[in-house]
Amino acid sequence: MLDMKYIRENLDETERRLRTRGGESYLDGFRELDERRRALLKEGETLKALRNSVSDEIGRTKDKSLVQDKILEMREVSHKIKGLDEELNQVDEQLHSFLLTVPNLPHASTPIGLYEKDNVQVRSWGEPQRLPFEAKPHWDLGEDLGILDFERGAKIAGARFTLYRGAGARMERALINLMLDLHTDQHGYQEVLPPFMVNRDSMTGTGQLPKFEEDLFKLVDPDFFLIPTAEVPVTNIHRGEILKKSDLPISYCAYTPCFRREAGSYGKDTRGLIRQHQFNKVELVKFVHPSESDAELEILTGHAEKVLQLLELPYRVMSLCSGDIGFSSAKTYDLEVWLPGQSCYREISSCSTFGDFQARRASIRFREDEKGKPEFVHTLNGSGLAVGRTLVAILENYQQEDGSVLVPRVLRPYMGGLERIVP
RNA sequence: GGAGAGAUGGCCGAGUAGGUCGAAGGCGCUCGCCUGCUAAGCGAGUAUACUGGGAAACCGGUAUCGAGGGUUCGAAUCCCUCUCUCUCCGCCA
């Protein structure tokens with residue numbers, strides 16, 4: 001959520017910056033609602049002040065017959081206050097839900113542009129492999145090796161679900177452990193294991209709601225949602241809290257499955273593991289001092305990159321343009337891994353800084369000094385990494401001409417020493 | 001699922017025949033005094049949001065005692081609904 005006062009004082013500039021995301025208009029109607037609200041507030045509060053002082057006087061008067069006329073008068077005033085409050089509540093509600101649908105302001109360093117082609121490559125690592133034989137896509141490799149069973153996944157649940165078997169299931173688990181060990185032991189994150197379902201407040205805090213409900217799996221009876229990313233439960237760990245400055249930065253990593261409806265992507269990436277309703281991810285989340293968030297984004301992105309480097313998977317880092325960053329994001333780096341089976345780069349991690357956008361929605365604050373006003377922290381997160389897509393990248397990059405797949409060195413201790421997956 | 005108890009400020013904890021309660025007291029914390037050091041002691045201060053005024057320091061108003069609604073001139077206190085926590089019973093990985 002953007003700061004209401006900031007919008008009020010910088011309406012045109014805010015609108016201009018938001019439009020770099022590509023929409024038509026973002027702040028139409030704000031001025032009217034805001035002014036209406038303040039007028040109602042002023043009128044109601046003046047009456048309440050009157051009522052308070054007169055009620056006080058009535059309270060101090062022993063002989064109530066002396067103040068009968070005042071009681072009657074205040075009865076009128078209270079009636080009027082009630083009407084004003086009702087109207088104010090309506091306007092408040094409108095203004096609040098309006099603000100909840102306004103996306104974050106792009107960071108000053110986010111490239112301006114509307115389309116994927118406007119994303120900027122920041123750097124790359126490793127050489128995209130050119131295999132000396134015809135490379136297979138991972139869905140063929142997975143089926144031929146008997147480690148990915150797409151048909152059975154579809155039978156058990158439906159499209160976009162996969163059954164992992166044997167070395168495939170083992171490798172998924174190995175990757176999770178490798179990533180968690182790296183981030184906790186080497187990068188200073190605390191591991192957390194959060195609930196995989198959350199309530200509406202948590203989804204609103206990180207920005208999935210109210211706008212993107214159709215992207216979520218929702219439970220019918222208790223009003224719960226399956227998490228689309230660990231970002232949601234982990235960022236909400238500190239919702240409504242005032243943190244100690246000395247606690248910052250707070251760094252969490254979490255393994256969770258992620259559940260996404262993928263509504264609107266019918267027919268896209270229907271084969272293989274790329275786009276699933278359920279996938280595993282190790283997520284990195286940070287709560288930082290506002291002055292540190294820019295630097296922390298670089299650090300966090302580096303932590304995600306480290307996983308790819310250890311696995312010796314070639315990748316590139318893209319700075320997403322203003323039209324391509326997410327609703328809550330101010331700046332996003334995507335890590336794209338090279339997939340020789342499909343001869344393309346695919347997103348495997350997305351690292352974002354949200355500035356104070358999520359912190360304001362979720363009310364996560366700290367004090368600069370003991371007596372200072374609470375200020376909003378900055379939040380960041382990034383995949384470190386998407387596990388299913390990492391497995392895809394390994395299968396395609398480590399495939400051999402005979403159809404077997406070598407296990408990356410760093411992963412072997414996590415797989416009981418297995419060096420090669422064979423049919 | 002059944003029965004009962006509870007939810008007050010950073011923490012603990014008073015406060016129910018409705019008014020002088022944004023809320024006693026204690027702890028913690030901040031500043032000052034005192035003080036060979038430490039400890040103790042003394043004094044002052046110590047919630048948040050919105051809003052009006054002001055360049056600012058700051059001053060004023062309103063709201064908030066789990067959340068929402070009701071009664072009343074007036075609600076932490078009375079009534080209703082909900083959420084959460086705890087205890088006992090049942091069920092259960």
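Chain letters run A, B, ... following the sequence lines, proteins first and then strands; every chain starts at 1.
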Engineer: Rounded to whole angstroms, how far apart are CD1 on Ile71(A) and P on rG19(B)?
Structural biologist: 15 Å

Engineer: Tell me which one of Lys80(A), Arg36(A), Lys82(A) satisfies salt bridge (charged side-chain N to carboxylate O under 4.0 Å, His left out) with Glu87(A).
Structural biologist: Arg36(A)

Engineer: Partner lookup for rA63(B), please. Criteria are Watson-Crick or G-U wobble with both distances under 3.5 angstrom; report none if nothing qualifies.
Structural biologist: rU48(B)

Engineer: Quantified in whole Å, what is the C1' atom distance between nucleotide rU77(B) and nucleotide rG22(B)?
Structural biologist: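 About 15 Å, rounded to a whole number of Å.
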
Engineer: Mind checking the CZ-NE2 spacing from Arg271(A) to His138(A)? Nearest 0.5 Å is all I need.
Structural biologist: 9.5 Å

Engineer: Return the value, rounded to whole Å, for the distance between atom CG of Asp247(A) and atom P of rG10(B).
Structural biologist: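 Going from CG in Asp247(A) over to P in rG10(B) covers 16 Å.
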
Engineer: Backbone N or O of Ser202(A) within a donor-acceptor pair of the Asn236(A) side chain at under 3.5 Å?
Structural biologist: yes

Engineer: Under 3.5 Å, is there a donor-acceptor pair linking the side chains of Gln358(A) and Thr379(A)?
Structural biologist: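 Result is yes, a qualifying pair exists.
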
Engineer: Under 6.0 Å between the ring centres of Phe327(A) and Phe357(A)?
Structural biologist: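 Ring centroids of Phe327(A) and Phe357(A) are less than 6.0 Å from each other.
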
Engineer: Round to the nearest Å and state the distance from Gln68(A) atom CD to rC73(B) atom P.
Structural biologist: 9 Å

Engineer: rU83(B) P sits how many Å from Phe224(A) CZ, rounded?
Structural biologist: 11 Å

Engineer: Anything under 3.5 Å between a protein N or O and an N or O of nucleotides 91-93 of chain B, put it in a table, one pair a line.
Structural biologist:
none

Engineer: May I ask which nucleotide in the shown strands pairs with rA14(B), Watson-Crick or G-U wobble, both distances under 3.5 Å?
Structural biologist: none

Engineer: Would you kindly give the CG-to-C1' distance between Asp56(A) and rG18(B), to the nearest whole Å?
Structural biologist: 14 Å

Engineer: What string of B, S and - do you get for nucleotides 48-70 of chain B 5' to 3' if you count protein non-hydrogen atoms under 4.0 Å?
Structural biologist: SSSSS--------BBS------S

Engineer: Mind checking the P distance from rG74(B) to rU20(B)? Whole angstroms is fine.
Structural biologist: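 rG74(B) and rU20(B) have their P atoms separated by 14 Å.
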
Engineer: If we take the C1' atom in both rC79(B) and rU62(B), what is their distance in whole Å?
Structural biologist: 26 Å

Engineer: Minimum heavy-atom separation for Ile325(A) and Ala330(A), please, with both atom names.
Structural biologist: CD1-O, 3.8 Å

Engineer: What interatomic distance, in whole Å, is found between P of rU8(B) and the corresponding atom of rA67(B)?
Structural biologist: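 Going atom to atom, P in each nucleotide, I get 10 Å.
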
Engineer: Using Watson-Crick or G-U wobble geometry with both distances under 3.5 Å, which nucleotide pairs with rG43(B)?
Structural biologist: rC31(B)

Engineer: With a 3.5 Å limit on both atom pairs, tell me what rC86(B) is paired to, counting Watson-Crick and G-U wobble, or say none.
Structural biologist: rG4(B)

Engineer: Would you check if Glu347(A) and Arg389(A) make a side-chain contact, meaning some heavy-atom pair closer than 4.5 Å?
Structural biologist: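 Yes, side chains in contact.
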
Engineer: Glu241(A) CD to rC11(B) P: how many Å, rounded?
Structural biologist: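 Taking atom P of rC11(B) as the reference, CD of Glu241(A) is at 11 Å.
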
Engineer: Using a strict 4.0 Å threshold on nitrogen-to-oxygen distance, state whether Glu151(A) and Lys155(A) make a salt bridge.
Structural biologist: no

Engineer: For rG9(B), give its Watson-Crick or G-U wobble partner with both distances under 3.5 Å, or none.
Structural biologist: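 Per the H-bond distance test, none.
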
Engineer: Look through every strand shown and name the nucleotide pairing with rC37(B) as Watson-Crick or G-U wobble, where both distances are under 3.5 Å.
Structural biologist: none

Engineer: Tyr255(A) and Glu191(A): side-chain donor and acceptor closer than 3.5 Å?
Structural biologist: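 There is no such pair between these side chains.
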
Engineer: Salt bridge or not between Lys281(A) and Glu283(A)? Use side-chain N to carboxylate O under 4.0 Å.
Structural biologist: yes

Engineer: Please give the nucleotide sitting opposite rG19(B) as a Watson-Crick or G-U wobble pair, both distances under 3.5 Å, or none.
Structural biologist: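 Result: rC73(B).
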
